[in-house]
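Lettering follows sequence order; numbering is per chain, from 1.
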2 protein chains.
Amino acid sequence: MGASKTHIFSTTHNELAKIAKVMAHPARIAILEYISKQDNCICNDLVDVIGLSQPTISQHLNEIKKIGLLKGTFEGKNLCYCINQERWDELQESFHLFFSNINRNCC
Amino acid sequence: MGASKTHIFSTTHNELAKIAKVMAHPARIAILEYISKQDNCICNDLVDVIGLSQPTISQHLNEIKKIGLLKGTFEGKNLCYCINQERWDELQESFHLFFSNINRNCC
DNA sequence: ATTTGATATTGCAATATTACGATGATATAT
DNA sequence: ATATATCATCGTAATATTGCAATATCAAAT
């Protein structure tokens with residue numbers, strides 16, 4: 001085994017799990033927080049800020065990119081990206097919905 | 001490697017990542033949603049509801065328990081647990097804080 | 001055209017996760 | 001006491017994740 005049985009779960013559950021998975025690493029939390037606090041698009045400096053090797057940062061960025069949290073240009077040297085705020089708000093809403101939907105009558 | 005370099009990150013980042021990790025599996029999302037919607041504490045039926053084997057469900061429940069999301073008795077047959085609502089609210093607040101803290105002046 | 005500066009990709013080793021069968025433990029019913 | 005029902009633990013196989021060195025790529029400057 002080792003692979004999740006995604007097919008037995010609903011799309012909603014799989015989607016939220018996928019988002020959570022991206023957030024399930026302190027480096028990616030740190031990267032997201034750093035980018036989200038910038039005034040402008042980011043150029044490099046993440047390797048210095050986070051403290052992991054360049055290939056590792058690159059991989060983490062890719063995971064973040066996969067769920068649509070980054071926007072900008074990713075071409076060669078003119079790369080310049082920042083948080084996709086629309087997507088950011090969507091994720092926030094997903095978590096909000098999940099946590100809001102609780103039966104307060106229990107216990 | 002294979003292990004996260006948790007020591008180079010802040011407690012806050014590690015904590016949020018740990019919580020996200022628990023939510024990073026559709027089975028655990030489904031389990032949490034199911035329990036959180038119940039009127040009463042849960043007794044069994046999770047194996048039927050989710051569709052994974054009993055040992056697997058047991059493992060997932062343990063992960064959820066580790067971050068304090070369940071309360072109740074876990075002794076033999078008198079087991080009876082439900083969502084720890086205080087903790088639930090804490091986690092909700094953690095995600096809310098993370099997503100709220102974004103610089104809207106960028107792009 | 002070559003160098004430079006920066007990110008991406010590949011390949012690999014170490015570790016973690018997911019899943020389940022077999023087994024163990026524990027409480028209740030018979 | 002024995003059987004039954006239910007959850008926990010162990011052991012193991014399959015797969016995924018993390019991290020980095022080496023290397024490739026790519027755009028701009030020289």
Side-chain angles (χ1 to χ4, degrees), chain A residues 1-9 13-14 17-32 34-35 40-67 70-82, chain B residues 1-9 13-14 17-32 34-35 40-67 70-82:
Chain A
M1 305 295 140
S4 299
K5 289 182 143 185
T6 53
H7 62 281
I8 70 172
F9 303 108
H13 291 167
N14 279 318
K18 203 170 81 177
I19 294 166
K21 202 175 221 170
V22 172
M23 297 179 66
H25 195 292
R28 292 192 289 265
I29 293 286
I31 291 171
L32 281 170
Y34 180 77
I35 303 181
N40 297 297
C41 285
I42 246 189
C43 290
N44 46 359
D45 60 10
L46 268 179
V47 173
D48 298 328
V49 172
I50 305 296
L52 291 169
S53 75
Q54 180 269 319
T56 305
I57 295 288
S58 186
Q59 274 182 62
H60 283 309
L61 270 175
N62 208 255
E63 296 301 313
I64 295 171
K65 224 182 292 178
K66 272 186 197 162
I67 57 165
L70 299 181
K71 70 170 178 185
T73 55
F74 300 91
E75 315 291 315
K77 189 146 189 190
N78 289 28
L79 135 159
C80 168
Y81 55 90
C82 55
Chain B
M1 302 296 136
S4 300
K5 287 183 143 185
T6 53
H7 62 282
I8 71 172
F9 303 107
H13 291 167
N14 280 317
K18 203 171 81 178
I19 293 165
K21 201 174 222 170
V22 171
M23 297 180 66
H25 195 294
R28 291 193 290 265
I29 293 286
I31 291 171
L32 281 170
Y34 180 76
I35 302 181
N40 297 297
C41 284
I42 246 189
C43 290
N44 45 359
D45 58 11
L46 268 179
V47 173
D48 298 327
V49 172
I50 306 295
L52 291 170
S53 75
Q54 180 270 319
T56 304
I57 294 289
S58 188
Q59 273 182 63
H60 283 309
L61 270 175
N62 210 257
E63 296 300 313
I64 294 172
K65 223 184 290 178
K66 273 186 196 163
I67 57 164
L70 298 181
K71 70 171 178 184
T73 54
F74 299 90
E75 315 290 315
K77 188 144 189 189
N78 290 26
L79 135 160
C80 170
Y81 55 90
C82 53

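- Aromatic ring pairs are classed by plane angle as parallel below 30°, tilted from 30° to 60° and perpendicular above 60°; the pair B/His25 and A/Phe9 is perpendicular.
- Contact record, B/Ile50 with A/Ile8: O-CD1, 3.8 Å, taken as the closest heavy-atom pair.
- Counting to the nearest Å, the P atom of D/dT9 and the CG atom of B/Leu61 are 12 Å from each other.
- A/Lys21 has no side-chain polar atom (N or O) that falls below the 4.0 Å cut-off from OP1 or OP2 of C/dT17.
- Remark: B/His60 is in phosphate contact with C/dA19, judged by side-chain N or O atoms under 4.0 Å from OP1 or OP2.
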With the criterion being N/O to N/O and under 3.5 Å, what pairs connect the protein with nucleotides 9-11 of chain C, and how long is each?
none

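- Whole-Å rounding puts the A/His25 NE2 to D/dA16 C1' distance at 13 Å.
- Taking CD1 of A/Ile19 as the reference point, atom CG of A/Asn14 lies at 11.0 Å (rounded to 0.5 Å).
- With contacts defined as side-chain heavy-atom distances shorter than 4.5 Å, the pair A/Ile35/A/Leu70 qualifies.
- As rounded to whole Å, 13 Å separates atom C1' of D/dC7 from atom CD1 of B/Ile31.
- Toward the 5' end of DNA chain C, the nearer of the two residues B/Ala27 and A/Leu46, judged by each one's closest nucleotide, is A/Leu46.
- You'll find that the side chain of A/Ser53 is closest to D/dC20, out of D/dC20, C/dC20, D/dA16.
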### Task
Quick one: do A/Ile67 and A/Lys18 satisfy side-chain contact (heavy atoms from CB on, under 4.5 Å)? Show the steps, please.
CA-CA 8 Å; A/Ile67 57 165; A/Lys18 203 170 81 177; 4.3 Å; yes

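- In this structure, B/Lys66 and B/Val22 have side chains that are not in contact, with every pair of non-hydrogen atoms separated by 4.5 Å or more.
- Between A/Glu63 and B/Ile57, the residue anchored closer to the 5' end of DNA chain D is B/Ile57, taking for each the nucleotide with the nearest heavy atom.
- Rounding to whole angstrom units, CD1 of residue B/Ile64 and P of C/dT18 are separated by 11 Å.
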